[in-house]
Every structure is written in C-alpha cells, then in structure tokens.
Asker: 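Here you go, one structure.
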Amino acid sequence: MNLKPKQTVLALSGGVGGAKLALGLTKILPPEQLSIVINSGDDFEQLGLHISPDIDTHLYALSGRDNQEMGWGRRDETWNFMETVRELNGEDWFQLGDRDLALHVLRTQQLRQGRSLSKITQSFAKAFGIQHSLIPMSDDPVRTIVKVKENTKSGQQAKIENLPFQRYFVEQQCLPQVVGFSFDGIESATASPDFLHRLNDPDLAAIIICPSNPYVSIDPILALPGVRQTLISSPAKVLAISPIVGGVAIKGPAAKMMAELDVPATPAAIAAHYGDLLDGMVIDQLDSSQAQTIRSTGLPVLVTDTMMVDLQIKQSLATQTLAFALSLSGSNG
Ligand code: FO1
C-alpha cells in the first residue's frame, strides 16, 4: 500500500460498521491524509437536545470511549438521568446515558449560539484526542424518513406512514415493513464546507464507502446536491465494502430492508445499488461465490475477511481496501 505523501483518502460512513473501518483507517493513515465524512440524517431532537448518533458513534469509537456491548453510546455508562426522566413521566423510548448526555447538552447549546455542526464536531473530536478530521455530511438539517406500511385491518388498503428515522429504528425496533426512504431538507441542504473541500482535493486518491447501511447511512450523503455527480467525475477511485455478509447485515436492519424492498440481500445487490459510482467492490470471503457475478458487470472485486471483530482485522481490511484502490489507479489512471 503506497499512498504518495500528498495523496488523500475520504471515507463515507454511517454508524457502528462504518466507525469500525474508520478506526482501522486511522491506524494506517496520518491525519493529513484521511478525512471521515459522517451521515447526519439520523440526527433528531429528543428532550430538547440535538442528538447526532452517527457522529457520536465515531467520536466514541475513535477515542476508545465506545460501548461495544450495546453497540452505541459510551462505555462505563450510568443511567441516573433516564431514571429521573421516567419518575417524572418523561419520554423514555430513547436512552440518554449520564456520560453521553454532556455531548448532547453542549452540542445543543453551541448550535443555539450559532456554531456549525462541523465546528462543534471538530472541537469535540479534538477534546477527545482524535487527530483525524470527523466531518458531518452537512451543517444543514437533513432528516431521514423511513416510509413504512401502516398496519391496517384486512381488506383495507395499506397506507404509507412516514417515520422519522429514530422512531423507526429505536422506538419501533425496525419492525414495520419498509417501502422506501426520503431525506427531509435535502434539496436545500449543502454538503459541509470541509466535505466539499476534501472531495475536490486534486490529490484525492480514494473514496471509501464504509460497510454501512446503503439506504439510511450512505444514501443521505450521496443525495446532497452535487455530491453523487462529484464522486462520479472525481479521478479518485470509489470503493464500497459490502455491509451484507452471507445474506445478513453485520449489524442493523439492512438485510431486512432489502428483503422488504424485494432486493436480494447480497453484495452484488449492494454493488448494483451504488451503480456507476463504483470503481471497485470489497466483499467478504463468505460471499466469494458472488465475486464472479459482480465482476461480470465490469466491476473489479476484492474478496477478503470483512468481519471486523478486532482491531487487527479493522486495520488489515483498511490496508487491503486502500491497496486495492491504488491498484485500480495503477491500471487505468
Ligand atoms: N439505539 C438504541 O437502539 N436505543 C437507544 O435508546 C439509543 C440511544 C442512543 C443515544 C445516543 C446515541 O448517540 C445513539 C443512541 N442509539 C440508540 C443508537 C442510534 O440510534 C442508532 O444506532 C443509529 O442511529 C443507527 O446508526
């Protein structure tokens, strides 16, 4: 893996799966060569606080503060705040731990003072000792909406309900049947200044789409005005790592969503979803039988171990993915 000193890499990431690869990438690339752009479509307001789940997942994972058992929030968490919320009959479907709470309170305060989400994220990352750039996809509010089939009595025509992402994900535990997605605010949102700056860097060598949910973690980033087109026309090689392994999602509802959308839960379907954006696809060794199907569409494939169960595999996947991207650059420019 030979990245030239000025060359840079951009990772596009969502929640836990993305943060695992992001951590691997931070171990092999210095801060001046790697930036991580994070989905903010999951953001919402709860108990008067601005919550940025995917950004916080990265803040915690990259600073060693993440709660690996829960898969979200902070390690060594306590729940006194939520206990009192419950005592006072407040809304308790979304859990905010005592340690976690500080981030939401400070972010909300600073947003109200007019500071951008980018600047706030940057200062939190620095305070946690993270040297790499964590960049929210946008400083404007974009809210992912999950369109689901409403429960109706038999014989009645099914209605479509628009569920804000966290209502679907946490409150309703991804149970409703998904029929589609929309991103409120996307038309008037702009990609954050740092994201645009890194995306247009003439030395950008690779754009890595982390193994995150394509529909609700990566698509909001790609749907920002101009982003998809810039990725397509960028000379940087664009690679995606499949979040689907052996027909299931490593974490989260991606496979369930695919089934409900009548799409096979396969790496080939993930590659087809990203379509002409991609210059290469990384799939797990369990899915090696899929490699030929994807290659037959003209897309190069790397087959490797993508199950990031420890730091060594995170780092190894990051190294191999980058080497794969650079090998593609060598072959066609
Ligand atoms: N996920 C849950 O399943 N239940 C929760 O109560 C919950 C609280 C929570 C609080 C702060 C935060 O940053 C994340 C939190 N998450 C919770 C995780 C989060 O909603 C999802 O993992 C992501 O939005 C999906 O990427």
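As the structure lists them, so they are numbered: ligands from 1, and atoms in each ligand from 1.
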Asker: Hey, which of K314, Q312, Q320 is the one that makes side chain to side chain donor-acceptor pair (under 3.5 Å) with S316?
Answerer: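 When K314, Q312, Q320 are each tested with S316, the side chain to side chain donor-acceptor pair (under 3.5 Å) holds only for Q320.
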Asker: Anything under 3.5 Å between an N or O on ligand 1 and a protein N or O? List each pair with its distance, or write none.
Answerer:
residue, atom, partner, partner atom, Å
ligand 1, 1 (N), W72, NE1, 3.3
ligand 1, 6 (O), Q95, N, 2.9
ligand 1, 20 (O), Q166, OE1, 2.7
ligand 1, 24 (O), D42, OD2, 2.8
ligand 1, 24 (O), Q166, NE2, 2.9
ligand 1, 26 (O), D42, OD2, 3.2
ligand 1, 26 (O), D54, OD1, 2.9

Asker: Answer yes or no: are there more than 12 heavy-atom neighbours, outside K256 itself, under 6.0 Å from its atom NZ?
Answerer: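 Above 12, so yes.
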Asker: Once side chain to side chain donor-acceptor pair (under 3.5 Å) is applied, do any residues pair with S13, and if so which ones, sequence neighbours excluded?
Answerer: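 Applying side chain to side chain donor-acceptor pair (under 3.5 Å) to S13 gives H58.
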Asker: Give a yes or no on whether the backbone of P5 and the side-chain of Q33 come within a donor-acceptor separation of less than 3.5 Å.
Answerer: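 Yes.
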Asker: Got a sec, which residues hit ring pair (Phe, Tyr, Trp, His ring centres under 6.0 Å) with F124, two or more places apart in sequence or on another chain?
Answerer: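 F124: no ring pair (Phe, Tyr, Trp, His ring centres under 6.0 Å) contacts found.
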Asker: Looking at residues at least two apart in the chain, or sitting in another chain, which of them share a side chain to side chain contact (heavy atoms under 4.5 Å, CB included) with T230?
Answerer: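 Partners of T230 by the side chain to side chain contact (heavy atoms under 4.5 Å, CB included) criterion, ordered by chain and then number, come out as L199, N200.
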